[in-house]
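Accompanying notes for the structure given below.
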Amino acid sequence: MDECTLQALSRAMTHLIFRNGVVESLHADGACLDNETMKKLNRDINNRLYTLLFVWFNGTDVEVDRLARTLSLLARFYGKEWDKAKRVDFLVL
């Protein structure tokens, strides 16, 4: 996947998954997320999503293998008590 698409996809995912959800409500209400904190969170999440996407689509065999092992480990140990994910209607068109 080309760099321009990766950049756009990571920003879009940051907004669709993180920023435009409950976090935006917390920020707008001033609950616990000031503007500087939101900037740090947005940057960190965007960078992490970009890295995941880059490795997934353009990574070396070693990086892709490490990603697969990381995802497998996370799936085994984290979030097992969470409710099953549901689809959310956030598409604009």
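In this text, all values refer to a predicted model and were calculated from it rather than measured experimentally.
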With rounding to the nearest 0.5 Å, note down the distance linking [atom1] in [X] to [atom2] in [Y].
X	Y	atom1	atom2	value
Asn58	Glu3	CG	CD	8.5 Å
Tyr50	Thr14	OH	OG1	13.0 Å
Asp65	Asp61	CG	CG	8.5 Å
Phe54	Glu63	CZ	CD	6.5 Å
Leu9	Cys4	CG	SG	11.0 Å
Arg48	Phe18	CZ	CZ	12.0 Å

Going only through I, L, V, M, F, W and Y residues with side-chain contacts under 4.5 Å, is there a path from [X] to [Y]?
X	Y	answer
Tyr78	Leu73	yes
Phe77	Leu74	yes
Leu16	Leu53	no

Distance-minimising heavy-atom pair for [X] and [Y]:
X	Y	value
Asn42	Arg19	ND2-NH1, 2.8 Å
Gly59	Val64	O-CG2, 3.9 Å
Leu6	Phe57	CD2-CD1, 4.4 Å
Met13	Leu49	CB-CD1, 3.7 Å

Checking Ser72 side chain against Ala68 main chain: does a donor-acceptor pair fall under 3.5 Å? no
Under 3.5 Å, is there a donor-acceptor pair between the side chain of Thr51 and the main chain of Asn47? yes
CZ of Phe90: more than 12 outside heavy atoms within 6.0 angstrom? yes
Check Asp44 with Lys40, please: is the shortest side-chain N to carboxylate O separation under 4.0 Å? no
When you check the side-chain N and O atoms of Asp34 and His27, is any donor under 3.5 Å from an acceptor? no
